[in-house]
Asks: 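Below is one structure. I have some questions about it.
Chain identifiers are assigned alphabetically (A, B, ...) following the order of the sequence lines, protein sequences preceding nucleic acid strands; residue numbering begins at 1 within each chain. Just the heavy atoms: all of them, side chains too, but no hydrogens, waters or symmetry mates, feed the values below.
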Amino acid sequence: MGFVQVSEKEGDEPIELPVEEDGTLLLSTLQAQFPECSGLQYRIVETKAVRGVRSNEGRMYSPSEESGWGEYHYFCVFPKKNKRQSDDNSENSVAKTKRTEPLLRCFDLIVLGLSYNTTDRTLREFFETYGDVVKAEIKRDNTSGQSKGFGFVRFGSYDAQMRVLSKRHLIDGRWCEVKVPSSRGIGNQVPGKVFVGRCTEDIGTEDLREYFSQFGDVIDVVIPKPFRGFSFVTFLDPYIPQLLWGEDHIIKGVSVRVSSADKKVVPKKNQQIQSCKNSSNNNTNNNNDLDIFNMHAANNFNMHPGNNFNMHPANNFIMHPANNFNMNPFNPHGYQMNRAMN
DNA sequence: GTTGAGCGTT
């Protein structure tokens, strides 16, 4: 039974580690002393070159059959720190930056229920306690100058924005709420779901899943049959879709069009609704081919253990399952149970 | 000068 001299860094005081009967050093033995270590190196005295120790399936092999580990001082190799963040492919590291960057972007928030006395200035002063206020504006009647009782506020940091969203604020004696404006056009969207237009027939479910996984966990992919030139992709995280719209997405050389997936009104069995296309929604997408989102298997996001929806900082006030749909700050009206469910 | 659910501009 022999020992190998190993130190964390070259030149450090070495520790002697026991080798196995077959002359190999177990990676587990090594990691018992150097937890993050993934391999060993040593320096050739004559050439001053650094060599790596061969390792396979948890075993490290001595440099030579005859002389074993020799008198070398071995030192540890650690995984590169920037590499360790993304453990698989480079696509994922792209995804991570893409995933957080748009999320951190601030936008105007609507402040509802304001006192008619509240001014731009008092509005700003109130929200400055949360962070840097870029803009604070009361909406007024053009002719009279009378406040309409609502306004807009914009923060400099996403952190502040999230702390403010969807909770009540006592401003000038009135309880007000801050929401994402419906003008952002997401009122009728299905959480986590995107409509992928301009698809070609050779773009299969796995192609879609593979491509969109770089932005977040994909929990469902649907290509309507017969083929109609579009498909649907559902993310676990309901925030992902709005990060994707308007961007170029190229799958298999095809520039597909990603937009919001809107709720479709599903006719009840004995109570047919004449036409979905004549319904009141005036969205420009031909994507009203959806199930009602909360009936779809892929959209049971409230129940999913890995769902971070309820964990979002903006959603830290209601944890009751029955309220989940109303917790999304990006949904100004709250989701409603469709009658097809009843 | 009243009221109290909603949704604004560039």
Asks: Would you check if there is a donor-acceptor pair between the side chains of A/Asp159 and A/Ser157 at a distance under 3.5 Å?
Replies: no
Asks: What is the distance from NZ of A/Lys139 to P of B/dA5, rounded to the nearest Å?
Replies: 21 Å
Asks: Report the residue (A/Lys148 or A/Asn142) whose heavy-atom-nearest nucleotide on DNA chain B is the more 5′ of the two.
Replies: A/Lys148
Asks: Shared ILVMFWY cluster between A/Ile171 and A/Ile110, side chains joined below 4.5 angstrom?
Replies: no
Asks: What is the distance from CD1 of A/Ile110 to C1' of B/dT9, rounded to the nearest Å?
Replies: 12 Å
Asks: If you assign each of A/Leu109 and A/Gly149 to its closest nucleotide in DNA chain B, which residue comes earlier from the 5' end?
Replies: A/Gly149
Asks: Whole angstrom is fine here: how far is it from CZ in A/Arg154 over to P in B/dG8?
Replies: 16 Å
Asks: Take the protein atom CG of A/Asp172 and the nucleotide atom C1' of B/dG4, then report the distance between them rounded to whole Å.
Replies: 15 Å
Asks: Tell me whether A/Phe150 and B/dC7 count as stacked here, given that the ring centres must be under 5.5 Å apart and the planes must differ by less than 30 degrees.
Replies: no
Asks: I need the CD1-C1' distance between A/Ile138 and B/dC7, as an integer number of Å.
Replies: 14 Å
Asks: Calculate the interatomic distance between A/Lys135 atom NZ and B/dG8 atom C1'; express it in whole Å.
Replies: 7 Å
Asks: Out of B/dC7, B/dG8, B/dT3, which has the shortest distance to the side chain of A/Phe152?
Replies: B/dG8
Asks: Check this for me: does any side-chain nitrogen of one of A/Asp108 and A/Lys135 sit under 4.0 Å from a carboxylate oxygen of the other?
Replies: yes
Asks: Could you please name the option among B/dC7, B/dG8, B/dG4 that lies closest to any side-chain atom of A/Asp108?
Replies: B/dG8
Asks: To the nearest Å, how far apart are A/Leu112 CG and B/dT3 P?
Replies: 19 Å
Asks: Do A/His249 and A/Tyr211 have their ring centres less than 6.0 Å from each other?
Replies: yes
Asks: Please report the distance, rounded to the nearest Å, between CG in A/Asp141 and P in B/dT3.
Replies: 17 Å
Asks: Write down the atom of A/Lys167, the atom of A/Tyr130, and the distance for their closest heavy-atom approach.
Replies: CE-OH, 3.9 Å
Asks: When you measure from the side chain of A/Gln146, which nucleotide among B/dT3, B/dG4, B/dC7 comes out closest?
Replies: B/dT3
Asks: With a non-hydrogen cut-off below 4.0 angstrom, is A/Leu114 in contact with a base, only sugar-phosphate, or nothing?
Replies: base
